[in-house]
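First the structure, in the form of structure tokens, and then the observations on it.
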Amino acid sequence: MKSIKQIQKVAALAALVAPLCACAVDVAVIKARQQYPWNNQVDVVYSVSGLDGAHYKATGTITTNGADEVIFKRNIRADGVYTNSWECPAGVSERDVPLSIDLEPILYYDWMIVDLKTGDVEYDNCDVVEATNKFNVAAYKTQKMVFRRVGAGDYTLLIGNSAEGTTTAASGGNGIATATMAKDYYIALFECTVAQYACIMGTSTTSTDMKPQGTVSYSTIRGTDAPDTAVTATSFFGKLNTLVQNATGDSTFYCDLPTESMWQIAAHAEGDPTWWRFYGTGGASETKANLSKYAVVQTGTSASALANAGTKLSNQWGLYDMYGNVWEWCLDATAYVAWNNNTQNNAADMSLTQSPTTVGASRVIRGGSAGSNVALAWARSGSRHRNNGPSDSDWSLGFRVARIVP
């Protein structure tokens, strides 16, 4: 390849978005030059100012032979000097190459889409009906992962395992608690599938298996047993976070398991305050029939009982399989003392914030599973369960990915 002269410095001024900040946002190229010793790598160094804490995406574009080509994308949250490298193709002449860098604000829309092969992140804004048509397809259960945004605020959580309609604390500790989410968060539309897990772990980028990934322990997917300790680099979450951080330049991107409160808020989806989220007015047979419209329940005793993600109806927020298919790990440790069939009936030891509980040898699991021995009563937003410990692994035990918005 011929050597490249310094690239022509053409910087684009980002348009001000009034709701985000009241200052001028500016980007300027400082230098663009070949790396030494000389090779085909070009370092583009540029400065960004005036962000005022807002989140922007920088896109670098070159023009060769009359055609534009994007050479890098990077998410930026603070003023400063940044460097991105460009691998210049062979055969490029020594003449100057026009370069532009554009900034556009990142707005955290209702839906976040992560490309599990490239690490790129996109955002979309549509209603639930449109989302179910757009996202409940194979691509978003294999090579991509889509998330629903949940707003910050106070949420009413109904806790307990007694009869339908019981909302007082007088019966076995059942009652109502208020959970406070300090920040918005995203939670995956689907339980993590076999294909998505394989893509991140590097075992396969072409898997088409859309059943939820079971047989994974808390320790395996996080790399640590401690709920308040960051995930390790070699774990599922560590690999996912590194992939996105490297692709976007956003060091704040961090996914983990949802806390118990985050899970229950998403499961209930601000529906009617009933113990059975999809409870019918008839007896047990009708209850199962109604629940089965939304949940894969009591279908077998092995992994063959699992169904592809998104086979059943979604809840009001467009989330699938919140009940049934596989139990879902939550971030919290448990210190439960009053158990009945591994179920705790009150929120006395339940974290009602986005910080996980950290005391206890067990970990929270939620949502029930497809297991024939799993009671229908366990497939409810208010039903709390635990496992024996973070190293537990079973075909009916999986997880869902969450991200707190920084």
Quick one: does Y56's side chain get under 4.5 Å of L51's, heavy atoms only? yes

Taking the side chain as every heavy atom from C-beta outward, state whether M181 and V150 have any pair of such atoms under 4.5 Å apart. no

Under the side-chain contact (heavy atoms from CB on, under 4.5 Å) rule, what do M350 and Q264 come out as? Steps first, then yes or no, please. CA-CA 11 Å; M350 175 178 173; Q264 184 167 339; 3.8 Å; yes

Compare every heavy atom of I265 with every heavy atom of A179, then report the nearest pair and how far apart it is. CB-CD1, 4.4 Å

Pairing residues for Y185 by the side chain to side chain donor-acceptor pair (under 3.5 Å) criterion, not counting sequence neighbours: none

What is the minimum heavy-atom distance between C126 and D110, and which atoms define it? O-OD2, 4.0 Å

I76 vs R74 side-chain heavy atoms within contact, under 4.5 Å: yes

Can you tell me how the ring of F135 sits relative to the ring of Y140, calling it parallel under 30°, perpendicular over 60° and tilted otherwise? perpendicular

Side chains of N325 and K211: is there a donor and an acceptor less than 3.5 Å apart? no

Which heavy atom of N136 sits nearest to which heavy atom of K141, and what is that distance? OD1-NZ, 2.6 Å

Give every residue pair that meets the ring pair (Phe, Tyr, Trp, His ring centres under 6.0 Å) criterion with at least one member in residues 242-264, sequence neighbours excluded. none

Ignoring hydrogens and angles, tell me if any N or O in the side chain of K312 forms a donor-acceptor pair with the backbone of S292 under 3.5 Å. yes

With no hydrogens and no angle check, just 3.5 Å: does a side-chain donor-acceptor pair link D43 and T83? no

Once rounded to the nearest 0.5 Å, what's the spacing between atom CG of L331 and atom OG1 of T358? 10.0 Å

Does Q298 reach the main-chain N or O of V374 with its side chain, forming a donor-acceptor pair under 3.5 Å? yes

D120 vs K73, test: salt bridge (Lys or Arg N to Asp or Glu O under 4.0 Å). Steps then yes/no. CA-CA 9 Å; D120 290 332; K73 293 181 180 180; 5.5 Å; no

Interatomic distance, CG@N84 vs CZ@F72, rounded to 0.5 Å, equals 4.5 Å

So for atom CD, which belongs to E122, do other residues, nucleotides or ligands contribute more than 12 heavy atoms lying within a distance under 6.0 Å? no

Is a side-chain N or O of T299 found less than 3.5 angstrom from the main chain of A305, in a donor-acceptor match? yes

Ring centres under 6.0 Å, that's the criterion: do F147 and Y123 meet it? no

When you measure from the side chain of D321 to the backbone N and O of Y323, does any donor-acceptor pair fall under 3.5 Å? no

Side-chain heavy atoms of D26 within contact of V48, under 4.5 Å: no

Value rounded to 0.5 Å, distance of CG in D225 from OG in S391: 7.0 Å

Return yes if some donor-acceptor pair links the side-chain N/O of S219 with the main-chain N/O of G223 below 3.5 Å, else return no. no

Drop me the distance from S100's OG to I71's CD1, to the nearest 0.5 angstrom. 8.5 Å

Non-hydrogen atoms of W329 and I221 that approach each other most closely: CD1-CD1, 4.1 Å

Can you confirm whether I404 sits close enough to Y186 that some side-chain heavy atom of one is under 4.5 Å from a side-chain heavy atom of the other? no

When rounded to the nearest 0.5 Å, the distance separating CZ of R400 from CD1 of I187 is 6.0 Å

How about S217 and T220: does a side-chain donor come under 3.5 Å of a side-chain acceptor? yes

Determine yes or no for a side-chain-to-main-chain donor-acceptor pair under 3.5 angstrom, with T61 supplying the side chain and V70 the backbone. no

Could you tell me whether the side chain of I101 reaches within less than 4.5 Å of the side chain of V44, counting heavy atoms only? yes

Rounded to the nearest 0.5 Å, the OG1 atom of T215 sits from the CG atom of D394 at a distance of 6.5 Å

Is there a donor-acceptor pair closer than 3.5 Å between any side-chain N or O of S261 and the backbone N or O of S351? yes

What do the steps show when you test T301 against N373 for side-chain contact (heavy atoms from CB on, under 4.5 Å), and what is the final call? CA-CA 8 Å; T301 58; N373 63 338; over 6 Å; no

Which heavy atom in I365 sits nearest to a heavy atom in R386, and how many Å separate them? CD1-O, 3.8 Å

Looking only at side-chain N and O atoms, does T252 offer a donor or acceptor that is under 3.5 Å from a partner on D250? yes

Side chains of L257 and M262: closer than 4.5 Å at any heavy-atom pair? no

Any pair counted as ring pair (Phe, Tyr, Trp, His ring centres under 6.0 Å), so long as it reaches residues 233-252, sequence neighbours left out: Y197-F236, F236-F399, F237-F399

For a 4.5 angstrom cut-off between non-hydrogen side-chain atoms, does N315 reach Y294? no

Go through the steps for R366 and E328 under the test salt bridge (Lys or Arg N to Asp or Glu O under 4.0 Å), then give the verdict. CA-CA 5 Å; R366 287 292 205 118; E328 298 181 21; over 6 Å; no

Relative to the ring of Y155, is the ring of W317 parallel (under 30°), tilted (30 to 60°) or perpendicular (over 60°)? perpendicular

Please check this pair: side chain of R363 against backbone of T334, looking for a donor-acceptor N/O pair closer than 3.5 Å. no

Strictly by modelled atom types, are T178 and D154 linked by a side-chain donor-acceptor pair under 3.5 Å? no

Residue of the set L306, V326, L319 for which side chain to side chain contact (heavy atoms under 4.5 Å, CB included) holds with E191: V326

State whether the side chain of E260 and the backbone N or O of V364 hold a donor-acceptor pair below 3.5 Å, judged by distance alone. no

Under 3.5 Å donor-acceptor, T311 side chain and A307 backbone: no

Closest non-hydrogen atom pair, A247 against T118: CB-O, 3.2 Å

D332 versus T259, side-chain donor and acceptor atoms under 3.5 Å: no

Closer than 4.0 angstrom, basic N to acidic O: yes or no for D184 and R149? yes

